[in-house]
Amino acid sequence: CEENSVLAACAGIVRGNVAEGGACFLGTECAGAGPKVCLVAGGQDSPGVCKATPGGKAGDRCALTCRPNELCTFTVYGIPDSPLTPCLDSDGLFCNNSTENAKCEAIHALGAACQQDDECGYAAYCDGGGSYTCKKRGQLNDPCGSCISSLMCKDGKCQSPPLSVGGVCDGYTLGPY
């Protein structure tokens with residue numbers, strides 16, 4: 001049994017049930033498809049409000065980057081005027097938070113100059129130990145090097161992580177909850 005097939009089979013089973021405008025404590029409580037945020041104006045023990053946060057366009061101020069196959073929900077505490085927009089990797093964008101006012105920018109092409117992994121997108125990485133260029137991450141069954149985040153190097157190839165080793169659970173959680 002391996003992790004990625006279990007995660008794929010279970011995707012969408014656990015869903016938030018708080019409608020937009022309803023009270024929440026965490027973004028994962030918010031219902032509906034697409035990016036969601038629980039905006040908490042008070043402290044961590046105060047309830048917030050569920051809000052839909054559509055993906056940004058190039059140049060929009062942003063909060064974070066959402067990658068494929070990840071639950072794009074988050075919680076913001078005490079900063080009601082902060083930018084809540086996520087940049088969607090699936091739209092070819094990343095949130096460049098290396099400047100004071102983070103903005104959605106286009107993901108760099110393979111071979112382009114970079115400073116951080118986010119600039120290169122989910123399926124690539126910034127080779128900071130060498131050329132500082134975007135390089136392709138290893139996909140399933142590719143030779144090891146730098147595998148995409150949902151895979152690990154096993155027997156010289158990028159593979160889905162096992163849920164157990166020797167029949168004993170390693171304690172992996174199933175998903176972002």
Can you check whether [Y]'s main-chain N or O pairs, donor with acceptor, with [X]'s side chain at less than 3.5 Å?
X    : Y    : answer
K135 : Y132 : no
E119 : Q115 : yes
D117 : C126 : yes

Quick one, T73 and V37 - any side-chain contact, counting heavy atoms below 4.5 Å? no
Side chains of L88 and P68 in contact at under 4.5 Å (non-hydrogen atoms): no
Above 12 or not: heavy atoms from other molecules or residues under 6.0 Å from NZ of K157? no
Check this for me: N141, atom CG, are more than 12 non-hydrogen atoms of other residues, nucleotides or ligands nearer than 6.0 Å?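 More than 12 within 6.0 Å, yes.
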Can you name the side chain to side chain donor-acceptor pair (under 3.5 Å) partners of T133, sequence neighbours left out?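 Here the qualifying residues are S131.
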From the list T65, L64, N96, side chain to side chain contact (heavy atoms under 4.5 Å, CB included) with D118 holds only for T65
Should the SG of C95 and the SG of C62 be checked, would they turn out to be under 2.5 Å apart? yes
Presence of salt bridge, R137 and D142, under 4.0 angstrom: no
Any chain of hydrophobic side-chain contacts (each under 4.5 Å) joining Y122 to L151?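 Linked, Y122 and L151 end up in one cluster.
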